[in-house]
Every structure is written in C-alpha cells, then in structure tokens.
Engineer: 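Take this structure first; my questions come after.
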Amino acid sequence: MNHYHCWLQYRPMTNQSLRQSYQQWLRCVSLPGGHPSPLLQSIRDELNRGIGAMLQMPVDFVEGSSPQNYLTVIGKPNQPLVRECLGPKLVEDLYQMKDEAYCIRTVAQAEGGRIVITGHTDRALLYGVFHLLRLMQMNEPLEQLDIRETPRNPLRMLNHWDNMDGSVERGYAGSSIFYEHGRITTNEQRIRDYARLLASVGINSIAINNVNVHETETKLITPAFLPDVAKIAGIFRSYGIQIFLSINFASPVELGDLDTADPLDSAVRQWWKERAKDIYQYIPDFGGFLVKADSEHRPGPFTYNRTHVDGANMLAEALHPFGGIVIWRCFVYNCMQDWRDRQTDRAKAAYDHFQPLDGKFLDNVILQIKNGPMDFQVREPVSPLFGAMEQTNQMMEFQITQEYTGQQRHLCYLVPQWKEVLDFDTYAKGEGSTVKRIVDGSLYGFKHSGIAGVANVGSDENWTGHTLAQANLYGFGRLTWNPDLSAEQITEEWIRLTFGPDPQVIETIAHMLLSSWRIYENYTAPLGVGWMVNPGHHYGPNVDGYEYSRWGTYHYADCFGIGVDRTMKTGTGYTAQYFSPNREMYESLDTCPDEYLLFFHHVPYTHRLKSGETVIQHIYNTHFEGVEQVKGLIEKWKRLEGKFNQQTFDHVLSRLMEQLEHVKEWRDVINTYFYRKSGIPDEKNRTIY
Ligand code: BDP
C-alpha cells in the first residue's frame, strides 16, 4: 500500500475475469454534456485516475448515448438517457430522492447492458462514482447492482484546529496542510487530494481554522485573506464540500474597527452584516461560522453581560440573507474553578448553560455538543444535553484526533466508541430516542443537524501520523453517512481498500483495530473517571496531574476510595440532567454500568463491581492485562510481515513498540499509585513498585 493514497489505493486488478468484466463496463462512460461543472470535472478526473490505475486503460467519455454494448451512464434522473435506461416508473420514484442521495443500477440488455448512476445533484453523482470505485476496489461484481444511498446526517463535517503559523492544536501528524508562515499554503495539490479523500466518504463541510482564533486567524474574514480562503473554498467546492471559518467573537475590537463586540450594539451588528457580505462576495456558497465563545479564555457575549442567544443570533442574522449558518459550541465551563469547591461540577456546565435557552436560538443556529460532558476522554457517558432541547438544532462533536487516546502513537480505533455514543438511548422522547436520531435531525425535525469531528490529519506523508489512524478518518466519514453501519463492516471495508483482499491481513488488522479502544481503556484511567494525564500536552500517565488544578477534572482518590459522586442524593446532582430511566440507572450503584462507575460514584477500593472483582483488583488486573494485550497486538502484526510493503510494516511495528514501552509506564504509574494509596496488595502477587 501507498501511505499517501489512504483508502483510494486503486491497485491494479489481478483477477483476470473480474478485470475483463470491469473493462467492459467502464470502457465507455456517458456524462452530461454542456459546460462541465467543477464537480463533473472531478468525476471525470476520478474515473480517469481510478480506472486508469485499476484496469490500465483509458476511459472513453461520451455525451448522451453510445452504440457500445456496455455503457456506464452518469446523469440526473431527468436526462433522456437515464430515463430510457431506468424506465419512467423508477425515474418517477427517484424524484423523491434527497439532494445528496444517489442510485446505482445495472440494467441488462439483450447484448451487454448499462450501469446507471443517478442523483439530483452533481454532488450526489460524485458520491455515486466513489461508491462504484469502492465496489471495484473491493472486487465486487457489477452485474446486478441495485443500490440506493441517502446520507443520514445533513452536515458531515470536519473541524480543523489548524493555526496560520502552521501548527495544529492537538495535531499529531505534522503541521497544517492549509497554512504556512501566517499565510494560506500554495500547495493546492495536497488540498485537492484531501478533498478527494473526504468526498469519497461523504464529508460535505469543513471548518479550516482552529476554534481558538488568535490574532492572525481573526483576519481570515477580511479582504486581506479572503482571496486565498476563496481558493481553498474553490478546491473543496469541486468535491462538494462547503467551507466554514472559526471566528473570534471579539473581531470588531481586535481588528481595530470598534471598541466593543457587544452583540446588542447596533454598530456591532452592522459590522458583522458587512463582514458576511464581504465573505459571500468571495465565497458565494460559504457555509458559515464556527464559534467557541466564553470558553477557556476565549471572548464571548458574557463579557458584555449578554447571553449565548444574543451572541449566536447576532451572527445568525448576519449570515441569514446568504443562507449561512452559525455553529455555536457548547463547550462552555468554568476553567478557573477552585478545586476545593466540590459543588461546581464541570460535567454539569454545558447543560446548565444551554438547556434553559431552548427555543430562543434562530433556526440557522446549531449547537455543537461534544459527545461527553467533559472532554473527549477514553470513556465518558453521553452528554445529557442531547435531546434536552427540543426546539434547538443540535449536532455532535467527536474528536478524531487522538488527544486523550494515545496521540496517534498508540493504536486506538474510535469507531466502536462513536457507535456506542450514537446508539445510546437518551429516552428524550421515550424509548428509541437514540443520539443518532437526535443529531440526524429526525427525532425533533431539526432544520440543521449532523456530526462534526476534530480532524486528525497533517502534513505527514501518511496524513495521520500512525498509518492505522487513517481508519479513524475513514470510519468517521462512513459512520456520519450511515450511523447504522456496524463497526465491523466499516473496519473490513477500510482494510480491504487500504491493504487489499488477503483474508489473513483483513482478519488480523480487524482484530487489532476493533480491540484497540478497550485495550487503551484498560491501561489508562479506570472505570470512566478519566484524566490522569500529564497536564498541557495530555500524553502519558500522571494520576494527580489535574487533581489540584483549576480545570474541574478530579478523581478524588484518597486512602479509602476514588470517584466523583455525581448523584442527586449525596453528590453534585449531575445525574438529574438525564431523562428517566437513565437518571435512575446512573444514580444507583446497583445499576450504574461498571465502565462508568467512577464517573458517577465515589466508592471504596473494596467495592465489588458487577464483574465480581473489587475496584482495586480491577485496576491492577486491567493494567497488567493492558500490557499483555499490546504484546498480543505486536505478535499479531509481526505475522503480517511480507504481506504488504515493508515500509508500512516497519512503521506500524515501530509505533506498536513505542506503545508497548509506554503502556508499561502507564501500568506502573497507575498501579503503584493505587497500591500506595490503598495499601491493598494485588491478589495475584504481581510486582507493583
Ligand atoms: C480540549 C483541548 C483544547 C481545545 C478544547 C476545545 O485540549 O486544545 O481547544 O478542547 O474543544 O480538548 O475547545
């Protein structure tokens, strides 16, 4: 495999009969005539590239029909050739399809046949073409295709935390692919290749700068930078991706135009309207603003004693005439709290801030909520804000970049975690009110909704630092397109596309990926309590690293026990933010799932889990086990030597070896800490320092 091409390897077909069949179908492709849109040009380019590499032949593009026996027809349902191939009944049926949906169908004819890819928009056609290429890469037959796909989430988005000096906040794969030395990059090819990768998994939106908007980035919305931003937007546009910018709430002040950013001040409101107008002049299909306000020292409406509604609605009004939206983040909490204050619970903050504002936001505002109430820990319960605001658009924020999950040095495949979150039943509107139905907009009929993920890519040749971390990006895209796909399905697809069809390779890597999140959980902070990382960079164990700081991230371990009492009865009352019966489930020690025990309860080390182990023995066991499991991953990987290029083999092996060293450190730091605190020896008498 070639690192750079990720899941678009397009390796030459070696199976002769399949190759002949594919060659027959794809030799001639009919595309809509007239002046081709940039998206149609992308379709043409991708077919040339994919077919050229896989089948080693050129594609003959035609407009309209062709006397060929076999033909692939790409066009909208109202095009005569599409109608002719599919028949009026099916075409009528297809008129119901949503804008991004597509249909791929094989129609047999007396001699030969037609493969028809159809949808109402060029973007839908592009998705259909990527689907066809995916099937070919996975050696699937094309003779009887009958596929209909509709993306479940309207917004399928990446958030880049890239800064204009080229650094990437929480980036573990080199520097930014968008910026160098305070300017937008001139390496457009790299961005084009990125856009292809994203479009191939259905991503349709991207915010291209960090949510922490510093001095230089504040200027991105000004004519000094907009021409360059427009260039990037143009590249993404040709792959059906809309761009967004993160904005600085204090822009009117920081750009030196006004002396206030008060959202109710008429000059401020006018200022934003003018900025919106400027932006749309350069980028007519600009998506809108992503906003981190009143969070971790970022400015916001609180400075002026105004509410988040005032702030978000002001921006929404400015964008409204152009069809733009405001994505307002709910990651708002007191990051300066006193650790002695046991009443302030950071987990409660998002709900406390936003839930009372339900119904007050304009309908082009979406609240973007992190999956858990804290901050992307390896294990957190679902944020209780999901479903708690019936009249306010909501979307999900996942973190693809592995800030707290091994920073792309450790293997940690997050699709199983995201699946659990999306499948969680909030009971917001009775049974079946799953998170995926809230964020896809269907439960409450939201006007805008979807899923965003904090990107994990950078300038490294393999995009993601750890080559196997490409699976997280792929999986994110596929899952946001269809949250009902299973983790196993997505995983197998990714491996087949990336590494090819060898069953041993598929089985081994699938096992490695699918077990890796649990393994990571085993050797890091136990039972949902989280943190225990080095402050600042968040890599490596440090049990008390955040214990006496201002961030609200505590475990309360002493010589008797550990965990955060978030119950209504004796604790912070956080459990009350959930709908019944989740509220009661978490409130009671008897029903709280083991994996969240220390998130919700403070218990003695001798407390028995549902598994039968005591808490302390669980800590010892999982930490010893974690090391053995990583050794197991290495053994598995080693058996793949020679199955693909040596460079990939060596690269992953070296990351796994580094993980192993590091896992031992985690084991020893955590076990020693709890042994010394509790004084309770390991039942199995293993060495604890
Ligand atoms: C935390 C990160 C920090 C981000 C913040 C956010 O440590 O770098 O700025 O989240 O999401 O996880 O705003």
Side-chain angles (χ1 to χ4, degrees), residues 157-165 167-173 175-176 206-215 217-218 244-250 289-300 302 308 311-312 326-337 346-347 349-350 353-354 366-380 383 385 394-408 412 414 417-418 421 451-458 472 476 524-525 530-540 542 545-546 549-554:
M157 182 174 200
L158 286 176
N159 289 179
H160 272 260
W161 287 357
D162 294 30
N163 302 316
M164 292 190 71
D165 63 3
S167 63
V168 179
E169 182 153 337
R170 312 306 177 186
Y172 311 106
S175 49
S176 170
I206 189 165
I208 59 166
N209 64 307
N210 190 358
V211 289
N212 294 316
V213 186
H214 303 293
E215 206 184 323
E217 296 84 31
T218 302
F244 286 68
L245 290 172
S246 298
I247 56 108
N248 181 341
F249 194 81
F289 297 143
L290 172 62
V291 194
K292 173 174 179 176
D294 292 315
S295 166
E296 299 183 333
H297 312 294
R298 301 316 302 151
F302 288 171
H308 285 278
V326 173
I327 301 182
W328 191 270
R329 296 177 82 229
C330 294
F331 186 60
V332 178
Y333 68 100
N334 178 7
C335 66
M336 296 294 285
Q337 86 177 59
R346 169 165 165 184
H353 278 295
F354 288 94
I366 317 184
L367 298 185
Q368 180 167 297
I369 308 164
K370 289 191 181 185
N371 60 274
M374 297 295 280
D375 193 8
F376 302 135
Q377 300 302 291
V378 64
R379 172 78 68 174
E380 278 186 54
S383 167
L385 198 50
Q394 296 192 328
M395 67 187 284
M396 168 65 72
E397 179 175 333
F398 285 130
Q399 196 181 41
I400 314 171
T401 193
Q402 292 170 237
E403 176 179 1
Y404 294 99
T405 49
Q407 306 198 348
Q408 282 138 256
C412 189
L414 293 164
Q417 184 201 54
W418 301 332
V421 171
I451 304 183
V454 182
N456 63 344
V457 309
N472 280 329
F476 173 81
T524 52
W531 307 97
M532 301 191 179
V533 287
N534 284 304
H537 59 73
H538 301 162
Y539 191 67
N542 186 341
Y546 274 115
S549 69
R550 300 195 147 266
W551 297 89
T553 49
Y554 313 119

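Just so we're clear, the structure is a prediction, and the values are computed from it rather than from any experiment. Atoms within each ligand, like the ligands themselves, are counted from 1 in listed order.
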Engineer: By the definition side chain to side chain contact (heavy atoms under 4.5 Å, CB included), identify the one residue from Val291, Leu290, Thr218 that meets it with Val213.
Structural biologist: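 By the side chain to side chain contact (heavy atoms under 4.5 Å, CB included) criterion, Val213 pairs with just one of Val291, Leu290, Thr218: Thr218.
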
Engineer: Just to confirm my output: which protein heavy-atom neighbour is closest to atom 8 (O) of ligand 1, and how far is it?
Structural biologist: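 For atom 8 (O) of ligand 1, the nearest protein heavy atom comes out as Glu169 OE2, 2.4 Å.
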
Engineer: Any N/O of Gln399 closer than 3.5 Å to an N/O of ligand 1?
Structural biologist: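 N/O-N/O distance under 3.5 Å: no.
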
Engineer: Is it the case that atom CD in Glu296 sees more than 12 heavy atoms from other parts of the structure closer than 6.0 Å?
Structural biologist: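 Counting neighbours around CD of Glu296, more than 12 heavy atoms of other residues, nucleotides or ligands fall under 6.0 Å, so yes.
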
Engineer: For atom 7 (O) of ligand 1, what's the nearest protein heavy atom and its distance?
Structural biologist: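 Nearest protein contact, heavy atoms only, for atom 7 (O) of ligand 1 is Glu403 OE2, 2.5 Å.
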
Engineer: Do you know the tightest heavy-atom contact between Ala349 and Tyr333?
Structural biologist: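 Distance-wise, the nearest heavy atoms are CB-CB, 3.6 Å.
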
Engineer: Could you name the option among Lys370, Glu397, Glu296 that has the heavy atom nearest to atom 10 (O) of ligand 1?
Structural biologist: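 It is Lys370 that holds the nearest heavy atom.
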
Engineer: Can you sort out the partners of Glu403 under side-chain contact (heavy atoms from CB on, under 4.5 Å), two or more places apart, ordered by chain and number?
Structural biologist: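 Scan of Glu403 (side-chain contact (heavy atoms from CB on, under 4.5 Å), adjacent residues dropped) gives Trp161, Arg170, Tyr172, Gln399, His538.
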
Engineer: Find all atoms of ligand 1 within a distance of less than 4.0 Å from any non-hydrogen atom belonging to His538, and give their numbers and elements.
Structural biologist: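 Numbered from 1, ligand 1 contributes 7 (O).
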
Engineer: Which is it for Asn212 and ligand 1 at heavy atoms under 4.0 Å: side chain, backbone, both or neither?
Structural biologist: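 Under 4.0 Å from ligand 1, Asn212 contributes side-chain atoms alone.
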
Engineer: For Phe398, check ring pair (Phe, Tyr, Trp, His ring centres under 6.0 Å) against everything at least two apart and list the hits.
Structural biologist: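 Applying ring pair (Phe, Tyr, Trp, His ring centres under 6.0 Å) to Phe398 gives Trp418.
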
Engineer: ring-ring contact (aromatic ring centres under 6.0 Å, His included), that's the test. Do Trp531 and Tyr554 meet it? Break it down for me.
Structural biologist: CA-CA 8 Å; Trp531 307 97; Tyr554 313 119; 9.5 Å; no

Engineer: Return the closest protein heavy atom for atom 13 (O) of ligand 1 as residue, atom name and distance.
Structural biologist: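 Going by distance alone, atom 13 (O) of ligand 1 is nearest to Lys292 NZ, 2.6 Å.
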
Engineer: Quick one: which of Asp375, Asn159, Val211 has a heavy atom closest to atom 12 (O) of ligand 1?
Structural biologist: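 The option holding the nearest heavy atom is Asp375.
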
Engineer: Where does the angle between the aromatic ring planes of His308 and Phe354 fall among parallel (under 30°), tilted (30 to 60°) and perpendicular (over 60°)?
Structural biologist: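 Answer is tilted, since the angle falls between 30° and 60°.
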
Engineer: Just which atoms of ligand 1 are under 4.0 Å from any heavy atom in Phe331?
Structural biologist: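 Selected atoms, number and element: 5 (C), 6 (C), 10 (O), 11 (O), 13 (O).
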
